[in-house]
Amino acid sequence: MRYKVWYDAANHLVRAEVLESLTKEDAGDMMMKIEAELLKNGTRLGIMDLSNAGSIKKVSKETREVYKEHAKRLSLDRAAVIVDSPVLRMIARVALTALGQSGTAKFVKSETEALKWLKSKK
């Protein structure tokens with residue numbers, strides 16, 4: 001399996017973990033599952049963990065477009081994205097600012113940092 005999506009009842013949020021680079025079809029399927037879990041569980045918080053994704057730097061332009069299109073539709077108040085590479089975090093911050101979503105998403109180093117940020121905004 002290339003990714004996992006589930007509801008974290010203890011923290012009342014939806015989690016996604018990407019285990020390897022995704023095709024545009026995989027990315028679309030994952031984003032639809034995230035959207036379904038958000039709606040089903042009545043939460044507007046999420047964590048996406050990219051720290052185990054291996055060659056995440058090799059994401060195609062088409063796959064990035066799928067992420068971008070789905071991200072616009074997700075009903076999230078806040079989302080934390082765990083990325084262990086400082087370079088990728090910086091690139092992602094620039095991209096979020098360009099998309100006008102820098103206030104709703106944050107790129108962090110760890111799950112602890114993600115949960116702290118999500119809970120501090122309540």
Side-chain angles (χ1 to χ4, degrees):
M1 178 175 294
R2 295 173 179 255
Y3 66 87
K4 296 187 262 182
V5 175
W6 72 99
Y7 176 66
D8 175 349
N11 292 296
H12 192 57
L13 56 87
V14 173
R15 290 181 179 258
E17 182 179 10
V18 179
L19 303 169
E20 57 186 272
S21 288
L22 302 180
T23 65
K24 68 179 183 176
E25 292 81 15
D26 291 333
D29 289 344
M30 181 185 70
M31 296 300 280
M32 285 190 288
K33 287 178 182 177
I34 291 170
E35 188 171 7
E37 286 295 322
L38 289 167
L39 293 171
K40 182 173 97 175
N41 293 291
T43 185
R44 296 178 60 87
L45 299 175
I47 293 177
M48 181 176 285
D49 186 349
L50 302 176
S51 64
N52 296 314
S55 59
I56 197 71
K57 295 175 190 174
K58 298 177 184 175
V59 177
S60 71
K61 181 179 179 180
E62 294 83 13
T63 302
R64 287 192 306 269
E65 287 299 317
V66 169
Y67 282 128
K68 188 166 88 175
E69 286 306 310
H70 279 274
K72 291 177 188 176
R73 294 196 313 257
L74 290 179
S75 54
L76 284 165
D77 288 337
R78 288 176 313 285
V81 182
I82 302 169
V83 180
D84 52 6
S85 164
V87 173
L88 287 178
R89 279 196 304 277
M90 187 183 337
I91 292 168
R93 283 187 192 110
V94 171
L96 281 177
T97 301
L99 291 170
Q101 296 180 341
S102 60
T104 59
K106 183 171 182 175
F107 286 78
V108 299
K109 295 184 261 187
S110 67
E111 177 183 358
T112 302
E113 187 179 351
L115 289 169
K116 182 178 177 182
W117 180 72
L118 290 170
K119 291 178 180 184
S120 72
K121 299 286 186 174
K122 286 187 178 181

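The shown structure was predicted, so the numbers you read here are calculated from the model rather than taken from an experiment. Along the sequence shown, the residues carry numbers beginning at 1.
- Using a distance-only test at 3.5 Å, with no hydrogens or angles considered, no donor-acceptor pair links the side chain of Arg44 to the main chain of Arg78.
- Under the 4.5 Å side-chain criterion, counting only non-hydrogen atoms from C-beta, Met31 is in contact with Met48.
- One hydrophobic cluster holds both Val81 and Leu38 under the rule that ILVMFWY side chains link at heavy-atom gaps under 4.5 Å.
- Between the CG atom in Leu45 and the CG atom in Leu76 there is a gap of 7.5 Å [rounded to 0.5 Å].
- Here the closest heavy-atom approach between residue Val18 and residue Glu20 is recorded as CG1-O, 3.1 Å.
- Between Asp49 and Ser51, the shortest heavy-atom distance links the atoms OD1-OG, 2.5 Å.
- Without hydrogens or angle criteria, Asn41 side chain to Thr43 main chain gives no donor-acceptor distance under 3.5 Å.
- Separation of atoms CD (Glu62) and CD (Glu25) is listed at 9.5 Å; rounding is to 0.5 Å.
- Contact record, Leu13 with Tyr7: O-CD1, 3.4 Å, taken as the closest heavy-atom pair.
- Minimum heavy-atom separation, Phe107 to Val83: CD2-CG2, 3.6 Å.
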*asked:* If you apply the rule side chain to side chain contact (heavy atoms under 4.5 Å, CB included), what do you find for Leu115 with Ile47, and how did you get there?
replied: CA-CA 8 Å; Leu115 289 169; Ile47 293 177; 3.8 Å; yes
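- When each of Ile82, Leu118, Asp84 is paired with Val108, the side-chain contact (heavy atoms from CB on, under 4.5 Å) condition holds for Ile82 and for no other.
- The pair Lys40-Glu37 counts as a salt bridge, with a side-chain nitrogen and a carboxylate oxygen less than 4.0 angstrom apart.
- Of all heavy-atom pairs between Leu22 and Tyr3, the closest is CD2-CD2, 4.0 Å.
- Atom NZ of Lys24 and atom CD of Glu65 lie 11.0 Å apart (nearest 0.5 Å).
- For Ile34 against Ala16, the heavy-atom pair with the smallest separation is CD1-CB, 3.7 Å.
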